[in-house]
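Accompanying notes for the structure given below.
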Amino acid sequence: MFYPLQRHVAYYHKALLYLLCLLGLAGCATFSEDGGFNEVQKTTQRYIKQTPVWANSNEVKQKSAEQVKALLSPPLNIENVVQIALLNNAQLQADFYSLQLAEADLVQAGRLPNPSFSMLYAKHRGDYTIEQSITMNVMALFTMGKATAIEKKRFEATQNNMVLYVLSMARQTRNAYINALAAKQAVDYLQQVNESAEATYQLAKRMHEGGNWNKLEVGREQGFYMESALALSHAENACIQAEEALTALLGLKHPADFKLPARMMDLPDAEDNLKTVNRADFSKRLDLEQTRLQVEALAKRLGLSKTTRLIDVLEIGPASVLEGRRGDPVKKGLELRFELPLFDWGTAKVKRAEAMYMQRLHQANNQAILAASEVRAQYSQYMTSFNIAQRYRDEVVPLRKSMLQESLLQYNSMLMSPFALMVAAREQVAAVNDYIEALRVFWLAESDLEMALVGSPLDSEGSVL
Amino acid sequence: MMNRRKFLQFAAAGVALSAVDKTLLAGIPEPVMMGNADTQPLLMPNTGRPYQPVATLNGWSLPWRMNKNVKEFHLVAEPVKREIAPGMVANLWGYNGQSPGPTIEVVEGDQVRIFVTNKLPEKTSVHWHGQRLPNGMDGVSGLTQAAIEPGKTYVYEFEARRAGTFMYHPHADEMLQMAMGMMGSWITHPKNMNMHKVDRDYVFLLNAYDIEPGSYLPKTNTMLNFNLWTFNSRAFPGTSPIVAKQGEKVRVRVGNLTMTNHPIHIHGHEFEVTGTDGGWVPKTARWPEVTTDIAVGQMRAIEFVADELGDWAFHCHKSHHTMNAMGHDFPNMLGVSQQGIAKAFSKLVPDYMPMGKTGMSEMSDMAEMMDMPLPENTLPMMAGKGQFGPVEMGGMFTTLKVRKDMAKNDYTDPGHYAFPKGTVAYALDNSEGLPIEHQAAPTAGEKPITEFNVRKPHKMSHD
Ligand SMILES: [Cu+2]
């Protein structure tokens, strides 16, 4: 809908002033210097030490590449892998551009449609008429304030999502690193087992060739060897898969571009050194924050304005969050302030708006329940996996070691055969291998718990991505 | 093995009075306890009728008290710690501080009263194996008497009617209590000191235990697979030697309370079996032997003149019984090289040593050379050090040491025999290339079967 505006030159400056004034009222709808990325970086650092970098210029690109190169030169550690991913992961770099897109929408919404300007110059019998005209969408002028507010919410939501993408990427990378380390160590151990199994089989073969043993006895040892060789093949394959997954997340061309350390991170000494979960951590969940933004944006879009009261969505249904140490009774109704406004439907003419809003509100309720449950479950997973790994470290592995030591003493006194001694040795190795697996599960649980305290990225409709 | 000086020290400290409550046991002779497992000096009788006492190999005789005309002994049945050989202690049940219990020596016709105090956690009884006595004194719990409950003292009283060699052991929960080491020897000397007179008279029991390497308590349900075969609950190299002066007449009385037979064998001499549990063998019925099989529950008294100087082996001839705990699952690895394999093994077990290629000696050599650690409280399968090297024996093995000069009542170890020059087997100097490879004789009309050539002796090596 266009409304031509025609003014004589005399009015030109006045009109321009008016336009600028309108633009000013609509809020600084211009492109920011950082594209909103500083805010993303800042929020990210509430959760992790590493900084995401948006390589949107050649200069930054080069700097990032140098940083990645430096980080890749020593063997990786769990902090560095996250930093590399935040610098180098291709998907993440692509995601960062949604920020630019959202900002573009925001700026667009805050701008008047391009006015068309024309000047008429006519000379008729010696009279001059100069006619200038500016044509623009006047309706846009009236709706501009509202549109800008909506796009602003959307932009904030995108920023929020961006933080979640970054944190989710951090978690995926951590997990991939943990998996790759465990897979590599499993290969190391199974190689040892396989080597001993092969030697045992060779010894058995010599026993058979010398007439000391029959075919059945050799077959038994050959069976052990075959089993261990197959187990090694499986482990080697799993290791390649795990390393490839990490390579992709780090945005690298080849697994040879990085070096893994020899050993997995040690288990924390005692339960006292573990993370605790409290209310403050829970209320930091970004997806809940984002939901609030989305609900508010929805209200605005629906033209709802008269707030009757605020409700805590967690109170709509039952919810409880574990607080304190495991084994403490679960505290009912954690006082998480997750409040959303209710509106006076009486004044809202459109029933559809009520339905849409209430639907969104209940979705938010469900989201809060799931979030609370997720935190509890991940916390339990974390503590349980610690206790299991601790048992392996403090009981199972030392027990197998001492049993192997006893077996060696028995072998020394010719009470136990070298074949039985090797069985004890393999059992000890298996215990170490089980410990590494338990350690892997523990570190994944820690990583997952951290993510449970952050939340999952949501789409614009509020569904978990 | 013990030297003379050490023995005297032990003898001085050996017999000690126990701390049994005197008021509680008023009228009961104080029990005498023994603190070590070596052969103790003879108990010379200073009351009662005279006799020539026995030497209990790795044991002792129980002192008595004369109460009017009755010889009173006090046996205390109790848990004990018995040193099987240096480096291994067994948690056994026994009497008066040791297992087996002390030898009881009386004279034919003696009136004997034995107090038996039960300090075990379960009831017991004492059966006087082989003796003529009133049925109510035979010690079969339930059958001839009520069992002795823990904490109780029972009195056995009878006349030692028949001279000879006997044994005593429980007849209550007998299988467990005997597998735990409850037994002892009993000698009834003849009234006439000149009857069956010898210069040295030894006695001991054969016992078997099943003690898992690294543990202390016998597995009492074992019936055949014992891993410790002992002379008086002592395994070589912990066994004391049988010593004699050249020309002395020696008697050795051996009672078998294990669950299998033992062919007892002597080197360098012939002997005659002169007595069984049933009595003396008439002279005309004796025949010469170098080995006599002693069946389960039997006693054999053998006699010989120790006229050959030297250190003579004296042992059970079942070769598995002259070994200490060994692994029945250890495969025979003769001739199997572990070259290249041991290296892979030691990646998982850094202290791995390949053994068995040339025989089991490797183990004793290895243990000696490398100080290879064994499980706690476990004797090496074979051990003992002679003047020429490892003896590689264990279990039911000791030595008969015959010397030119040995004082009458000296039972201490005289040390290694000094061999006269030129009387010891010697190595041939084969540096000249003397033939050592046998040639198989070709069978008539056929080609030689070379596969059956005897293998060249291996040099000891570990790869
Ligand atoms: Cu035997």
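Each chain gets a letter, A, B and so on, in the order the sequences are listed, and its residues count up from 1. No experiment lies behind these values; they were computed from the predicted model shown. Reckoned from all heavy atoms, side chains included, excluding hydrogens, waters and symmetry mates.
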Calculate, to the nearest 0.5 Å, the distance between atoms [atom1] and [atom2] belonging to [X] and [Y] respectively.
X: B/Asn227; Y: A/Leu415; atom1: CG; atom2: CG; answer: 8.5 Å
X: B/Leu374; Y: A/Met414; atom1: CG; atom2: CE; answer: 11.5 Å
X: B/Leu348; Y: A/Tyr189; atom1: CG; atom2: OH; answer: 10.0 Å
X: A/Gln410; Y: B/Glu212; atom1: CD; atom2: CD; answer: 7.0 Å

Mind ranking [options] by heavy-atom pairs under 4.5 Å with chain B and telling me who comes out on top?
options: A/Pro418, A/Ala425, A/Ala424; value: A/Pro418
options: A/Met422, A/Gln202, A/Arg426, A/Glu195; value: A/Met422
options: A/Glu406, A/Gln192, A/Gln428, A/Glu217; value: A/Gln192
options: A/Leu409, A/Leu404, A/Leu203; value: A/Leu409

Measure from the side-chain N and O atoms of A/Asn212 to the backbone N and O of B/Asn332, and report whether any donor-acceptor pair falls under 3.5 Å. yes
What part of [X] lies closer than 4.5 angstrom to a heavy atom of chain B: side chain, backbone, both or neither?
X: A/Met416; result: backbone
X: A/Thr200; result: both
X: A/Tyr411; result: both

Crowding at [atom1], [X] (>12 non-hydrogen neighbours, <6.0 Å):
X: B/Lys347; atom1: NZ; result: no
X: B/Asp329; atom1: CG; result: no
X: B/His267; atom1: NE2; result: yes

How close do [X] and [Y] get, counting heavy atoms only, and between which atoms?
X: B/Phe330; Y: A/Ser417; answer: CD1-CA, 3.8 Å
X: B/Met355; Y: A/Asn412; answer: CE-O, 3.6 Å
X: A/Ser196; Y: B/Phe345; answer: O-CE1, 3.8 Å

Please classify the contact between B/Asp351 and chain A as side chain, backbone, both or neither, with a heavy-atom cut-off of under 4.5 Å. both
